[in-house]
Number of protein chains: 2
Amino acid sequence: MPLIGSIGQFEQLVLAAILSLRDHAYGVTIHGKVSELAQPREVSLGAIYVTLDRLEDKGFVSSWLSSPTAERGGRAKRCYRLEAVGEQALQESAATAVRISEAIGQALGKNWAQKWRKQWNNELG
Amino acid sequence: MPLIGSIGQFEQLVLAAILSLRDHAYGVTIHGKVSELAQPREVSLGAIYVTLDRLEDKGFVSSWLSSPTAERGGRAKRCYRLEAVGEQALQESAATAVRISEAIGQALGKNWAQKWRKQWNNELG
DNA sequence: AGGCATTTGTCCAACATAGTAAGACAAATA
DNA sequence: TATTTGTCTTACTATGTTGGACAAATGCCT
């Protein structure tokens, strides 16, 4: 069993992506969102599916097949939704992440932390 | 090779602990600090040493043996210091952690984020 | 002094789980 | 049947984790 609430770093990323994609979470879009969050790093599609499988095994997410859309190549997608347990695990691991950020901020000096706090405030008003 | 800047979740924790302990970073104290950061979860000493070894292999930290202190059982400790590469990796992974927190905050609503922002502000003035 | 218990510490061996790449396979439309 | 959009599998590497072995100081007791 891994750290914090039984989820790892990549799982955290995938869970966060599903949460923020709401009704449009399926393999390809999740991959896009995760790439965005992980930023300088590139992520493979395979990694996403494997992780999705494991998250479903743990009951953190559930999935169902949608009907195909009417666009070229638009085949049926497997859509994902966060379950209550998954949301809780995600919140716990995020809380730890914040704690780590704080520790780093204190050790590295206020400039580092304020840079992020500023960005945070801007987005939330 | 792992995610973000080549460090995992636990490595991130250990690096942050070393950073915040400054001149007093060795096995036992690092273990204490990591336990504090990982909070509800318990961490074994062995996990710390193994991770420390791997971090040193990657050049993220360096270590040296101190001379024994004059207290009962006070034997020589192996002290650790963060190297420049390690500090950079830590900052990058922390930046990603913040990004994830933001994504969660946006998806979960402002209450979640503000709870943490408040705490953040209190500590930094 | 000599010897052993106790305390503080480090390190290894082994295994479980998460992270990753590469590419096979499937089903739509054109 | 070629192209596009999408899913899933295999196999491997790296991290996470436990448990306990081992080492070196001091303190106490005869």
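All values derive from a computational prediction rather than experimental measurement. Excluded from the calculations below are hydrogen atoms, water molecules and symmetry mates; all remaining heavy atoms, backbone and side chain alike, are included.
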J.: Taking donor-acceptor contacts at under 3.5 Å, does the side chain of A/R72 reach the base of C/dA28?
T.: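 By the distance-only test, no, there is no pair.
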J.: Both A/E71 and A/D53 contact DNA chain D. Taking the nearest nucleotide for each, which residue is further toward the 5' end?
T.: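 Here A/E71 is the residue nearer the 5' end.
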J.: Can you tell me the distance, in whole Å, between the CG atom of B/D57 and the P atom of C/dC11?
T.: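 Taking CG of B/D57 and P of C/dC11, I get 12 Å after rounding.
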J.: Between P on C/dA16 and NZ on A/K58, what's the gap in Å once rounded to a whole number?
T.: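 It is 16 Å, rounded to the nearest whole Å.
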J.: Rounded to whole angstroms, how far apart are CG on B/L13 and P on D/dT17?
T.: 9 Å
J.: Determine all donor-acceptor pairs shorter than 3.5 Å in which one atom belongs to a side chain in residues 64-72 of chain A; sequence neighbours excluded.
T.:
residue: A/S66; atom: OG; partner: A/K77; partner atom: N; Å: 3.3
residue: A/S66; atom: OG; partner: A/K77; partner atom: O; Å: 3.3
residue: A/T69; atom: OG1; partner: A/E71; partner atom: OE2; Å: 3.3

J.: Looking at B/R81 and B/E83, is there a salt bridge between them, counting it only when a charged N and a carboxylate O are closer than 4.0 Å?
T.: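 Judged by the 4.0 Å cut-off on N to carboxylate O distance, B/E83 and B/R81 do form a salt bridge.
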J.: Would you mind reporting whether B/I18 and B/L52 have side-chain heavy atoms less than 4.5 Å apart?
T.: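 Result yes, sub-4.5 Å side-chain heavy-atom pair found.
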J.: Considering just the side-chain nitrogens and oxygens of A/Y26, establish if one lies under 4.0 Å of OP1 or OP2 belonging to D/dT7.
T.: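 The answer is no; no side-chain N or O of A/Y26 sits under 4.0 Å from OP1 or OP2.
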J.: Return the value, rounded to whole Å, for the distance between atom CD1 of B/I7 and atom P of C/dA18.
T.: 19 Å
J.: Quick check for you: among C/dT20, D/dT17, D/dT7, whose closest atom lies nearest to any side-chain atom of B/F10?
T.: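 Of the options given, the side chain of B/F10 lies nearest D/dT17.
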J.: Looking just at side-chain N and O atoms, do A/S63 and A/E56 make a donor-acceptor pair shorter than 3.5 Å?
T.: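 Looking only at side-chain atoms, A/E56 and A/S63 do form a donor-acceptor pair, the distance falling under 3.5 Å.
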J.: Side chain of A/Y49 only, heavy atoms from C-beta on: which candidate in D/dG6, D/dG16, C/dT20 is closest?
T.: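 Selected nucleotide: D/dG6.
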J.: Go nucleotide by nucleotide along DNA chain C from the 5' end; which of A/L45 and A/T69 gets its closest nucleotide reached first?
T.: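 Looking at the nearest nucleotide for each, A/L45 comes out on the 5' side.
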J.: Counting side-chain heavy atoms from CB outward, which of C/dA28, D/dT26, C/dC11 is closest to A/P68?
T.: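 Looking only at heavy atoms from C-beta outward on A/P68, the closest nucleotide is C/dA28.
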J.: Of the nucleotides D/dT17, C/dT20, D/dT5, which one has an atom closest to the side chain of A/R75?
T.: D/dT5
J.: Between A/R78 and D/dC8, is there a side-chain N or O to OP1/OP2 distance below 4.0 Å?
T.: yes
J.: Starting from P on D/dT15, measure out to CD on B/E56 and report it in whole angstrom.
T.: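 Rounded to the whole Å, the gap is 15 Å.
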J.: Return the value, rounded to whole Å, for the distance between atom CG of B/L52 and atom P of C/dC12.
T.: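 Interatomic distance, CG of B/L52 to P of C/dC12: 12 Å.
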J.: Would you mind reading off the distance between B/K77 atom NZ and D/dA23 atom P, rounded to a whole angstrom?
T.: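 Rounded to whole Å, this separation is 19 Å.
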J.: Return yes if a side-chain donor-acceptor contact under 3.5 Å exists between B/S93 and B/Q12, otherwise no.
T.: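 There is such a pair between these side chains.
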J.: Between the side-chain atoms of A/R41 and the base atoms of C/dG19, is any donor-acceptor pair under 3.5 Å?
T.: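 Such a pair does not exist between side chain and base.
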J.: Hey, is the side chain of B/S44 poking within less than 4.0 Å of OP1 or OP2 on D/dT17, counting only N and O atoms?
T.: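 The answer is no; no side-chain N or O of B/S44 sits under 4.0 Å from OP1 or OP2.
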J.: Give A/G46 one of three labels, base, sugar-phosphate or nothing, depending on what nucleic acid heavy atoms sit under 4.0 Å from its own.
T.: base
J.: Expressed as a whole number of angstroms, how long is the span from B/L55:CG to D/dA14:P?
T.: 15 Å
